[in-house]
Structures are given as C-alpha cells and as structure tokens.
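See below for the structure under consideration.
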Amino acid sequence: DVCSSDLIRGRLRGCDSYTEFGINQGATLAAALLDRPKTVHAYDIRLGWYTEAAHLFTEYAVEHGIDYGVTESDTADCIIDPVDVLYIDSLHEHDHLVKELAIHGDRVNRFIIIHDTHSYPELKMAVLEYVDNNKDWSVISECNVNVGFMTIGRLRR
C-alpha cells in the first residue's frame with residue numbers, strides 16, 4: 001500500500017541494504033528497489049504471484065547495480081545477512097513474528113518495519129514484547145491507517 005511504500009523509501013534514506021519477508025506480488029519490494037540501496041534481498045515461503053514479474057525486478061537491479069536476490073524460504077528458519085532495514089509482512093501469527101524477531105533482530109542495524117499491525121493486534125503485541133525485552137530497540141512510529149504498520153528502531157549497537 002502507498003503508506004508503507006512511502007515509509008520504506010523514507011527509512012532507506014542513508015541506508016545501504018534492505019531485506020523483505022513476505023513478497024506477495026512485490027509492491028513494497030519494488031518501492032525499495034526504486035530507492036536503489038546497494039543490496040536488496042527478499043524471502044517468501046511461496047513466491048507465487050511475484051514470479052510473473054520477477055524478470056522485471058532482476059532487470060532493474062542489474063541495470064542499477066543492485067545486489068539483488070529472492071529466496072523461497074520460511075522466514076522463521078532462514079538466516080539473513082546483516083541489513084539496515086528489515087520489512088516483515090510474512091505469516092500473520094504472533095508466534096511466527098516472535099520467532100522472526102528473535103532470529104533476525106540482531107542482524108538489523110537500523111529499522112524493522114512490521115506490516116499489518118492494525119489488522120492483526122497479535123502482531124502489535126509481538127512487537128511490543130520484543131521491544132520490552134530488547135532495550136536496544138524502541139517503537140519509533142505506528143500507523144493505524146488501513147491495515148497499519150509499526151517501525152522499531154535500533155537505539156544502540
């Protein structure tokens with residue numbers, strides 16, 4: 001959606017790397033690519049609709065010198081490279097998000113954006129639990145428009 005696409009592009013300013021969990025058709029992934037970070041990686045348990053336009057994403061990345069990769073994988077089981085911005089829009093279940101944050105949070109340098117936190121209050125609860133238990137992170141924004149999203153930012157490394 002437009003609200004989260006604008007947010008992604010804003011958070012990417014001054015950042016070199018972006019990782020996305022849950023690609024769906026690729027709208028937010030496209031928004032990230034348009035900002036031209038040096039590295040963009042994405043993961044989804046099923047690539048589905050994205051595959052129809054995958055060649056366009058790859059062509060754009062090659063044309064602009066972006067290290068780009070997409071992996072079909074369970075985001076609660078994979079290991080990601082260190083990244084500046086992580087966008088999470090994968091399985092909308094509390095326990096799954098808790099596991100993703102526990103596994104990947106330490107690999108994120110600046111921001112984690114979690115989509116659908118207004119539509120799925122259990123996701124918001126998982127984010128707040130993570131921040132409460134990890135004092136290096138803080139909620140820096142929350143949008144309750146449409147499906148909503150939250151952004152947490154790293155306070156210190």
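In what follows, every heavy atom counts, from backbone to side chain, and hydrogens, waters and symmetry copies are set aside.
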Exercise. Are E129 and H94 close enough, and set up right, to give a side chain to side chain donor-acceptor pair (under 3.5 Å), and what steps lead you there?
Worked result: CA-CA 10 Å; E129 290 167 5; H94 175 274; 2.9 Å; yes
Problem set entry | Contact summary for L29 and E20, nearest pair of heavy atoms | N-OE1, 3.2 Å
For this session: With the side chain counted from C-beta on, respond yes when D132 and Y130 share a heavy-atom pair under 4.5 Å apart, and no when they do not.
Result: no
Any donor-acceptor pair under 3.5 Å linking the side chain of [X] with the backbone of [Y]?
X    : Y    : answer
R154 : W137 : no
N146 : G148 : no
S17  : D84  : yes

For this session: Decide yes or no on side chain to side chain donor-acceptor pair (under 3.5 Å) for T117 and E142, but give the supporting numbers first.
Result: CA-CA 9 Å; T117 55; E142 181 176 1; 5.1 Å; no
For this session: Please state whether the rings of Y87 and H115 are parallel, tilted or perpendicular, taking 30° and 60° as the class boundaries.
Result: tilted
Show me the donor-acceptor pairs, under 3.5 Å and distance only, between side chains in residues 96-105 and residues at least two apart or in other chains.
unit_1: H96; atom_1: NE2; unit_2: T75; atom_2: OG1; d: 3.2
unit_1: H96; atom_1: NE2; unit_2: E100; atom_2: OE2; d: 3.2
unit_1: K99; atom_1: NZ; unit_2: D77; atom_2: OD1; d: 3.4
unit_1: E100; atom_1: OE1; unit_2: S90; atom_2: OG; d: 3.2
unit_1: E100; atom_1: OE2; unit_2: T75; atom_2: OG1; d: 2.4
unit_1: E100; atom_1: OE2; unit_2: S90; atom_2: OG; d: 2.6
unit_1: H104; atom_1: NE2; unit_2: T75; atom_2: O; d: 2.7

Seminar exercise, completed: By salt bridge (Lys or Arg N to Asp or Glu O under 4.0 Å), D35 pairs with (sequence neighbours left out) R9
Let me check something: any side-chain donor-acceptor pairs from residues 45-59 under 3.5 Å, sequence neighbours excluded? List them with distances.
unit_1: Y50; atom_1: OH; unit_2: Y68; atom_2: OH; d: 2.6
unit_1: T51; atom_1: OG1; unit_2: G48; atom_2: O; d: 2.6
unit_1: T58; atom_1: OG1; unit_2: A54; atom_2: O; d: 3.2

For this session: Start with the C-alpha gap between V83 and I80, add the side-chain angles, then the distance that decides, and say whether side-chain contact (heavy atoms from CB on, under 4.5 Å) holds.
Result: CA-CA 8 Å; V83 65; I80 64 170; 4.0 Å; yes
